[in-house]
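Fair warning: this is a prediction, and the values are worked out from it, not measured in the lab. All residue numbers refer to positions in the sequence shown, counting from 1.
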Amino acid sequence: MRIVPVGHALSIFFVITFALCIAWGLVTPPAMHMHEAWEMMMPGFHWLSFPAFLIGVIWAYAYGWYTAIVFVPLFNFFNKKAVN
């Protein structure tokens with residue numbers, strides 16, 4: 001596995017998931033929202049304004065890269081050990 005493609009793929013996946021969660025929050029009752037979780041994981045995000053949405057998108061993209069940077073080397077390490 002290579003970090004760059006995985007980083008972009010995970011980041012876009014997290015951004016899409018974040019956007020779907022925001023859309024879900026706009027059409028459901030407040031009891032079904034996830035904005036409390038987003039506010040804890042994404043400093044600067046507050047329900048809901050356009051600048052806060054952009055901050056959430058940036059954090060989602062960053063979390064995708066963080067996941068790739070940690071996961072890909074671990075996967076490659078353990079995959080190499082399993083093959084030998």
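- The shortest side-chain heavy-atom distance between Thr67 and Phe14 falls under the 4.5 Å cut-off.
- What you find for Glu39 and His46 is that their closest heavy atoms are OE2-CA, 3.7 Å.
- Hydrophobic cluster membership is shared by Ile69 and Trp59, with clusters built from Ile, Leu, Val, Met, Phe, Trp and Tyr side chains linked at under 4.5 angstrom.
- Side chains of Ser11 and Tyr63 form no contact here, defined as non-hydrogen atoms less than 4.5 Å apart.
- Here the shortest heavy-atom pairing between Val72 and Arg2 reads CG1-C, 4.0 Å.
- Contact check for His8 versus Trp65: side-chain heavy atoms found under the 4.5 Å cut-off.
- Criterion: ILVMFWY side-chain heavy atoms under 4.5 Å apart, direct or through other members. Under it, Met40 and Met34 are not part of a common hydrophobic cluster.
- Annotation: side chain of Ile12 is in contact with side chain of Tyr61 (closest heavy-atom distance under 4.5 Å).
- When all heavy atoms of Ala68 and Pro73 are compared, the pair lying nearest together is O-CD, 3.8 Å.
- Here Leu10 contributes atom CG and Ile3 contributes atom CD1; the two are 11.5 Å apart, rounded to the nearest 0.5 Å.
- The two atoms that bring Ala60 and Phe18 nearest to each other are CB-CB, 4.2 Å, heavy atoms only.
- Side-chain atoms of His33 come within 3.5 Å of backbone atoms of Thr28 as a donor-acceptor pair (strictly under, hydrogens ignored).
- Note: Phe53 CZ to Ile58 CD1 = 11.0 Å, rounded to the nearest 0.5 Å.
- Leu20 and Met41 fall within a single hydrophobic cluster, where Ile, Leu, Val, Met, Phe, Trp and Tyr side chains are chained together by heavy-atom contacts under 4.5 Å.
- Using a 4.5 Å cut-off between side-chain heavy atoms of Ile, Leu, Val, Met, Phe, Trp and Tyr, with links allowed through other members, Val4 and Val6 fall into the same hydrophobic cluster.
- In this structure, Ile55 CD1 and Phe50 CZ are separated by 11.0 Å, a value rounded to the nearest 0.5 Å.
- For the atom pair CG of Leu54 and OG of Ser49, the computed distance is 8.5 Å after rounding to the nearest 0.5 Å.
- Placement of Leu74 and Phe71 in two distinct hydrophobic clusters is found when ILVMFWY residues are connected by side-chain heavy-atom separations under 4.5 Å, directly or transitively.
- The shortest distance between side-chain heavy atoms of Trp47 and Ile22 falls below 4.5 Å.
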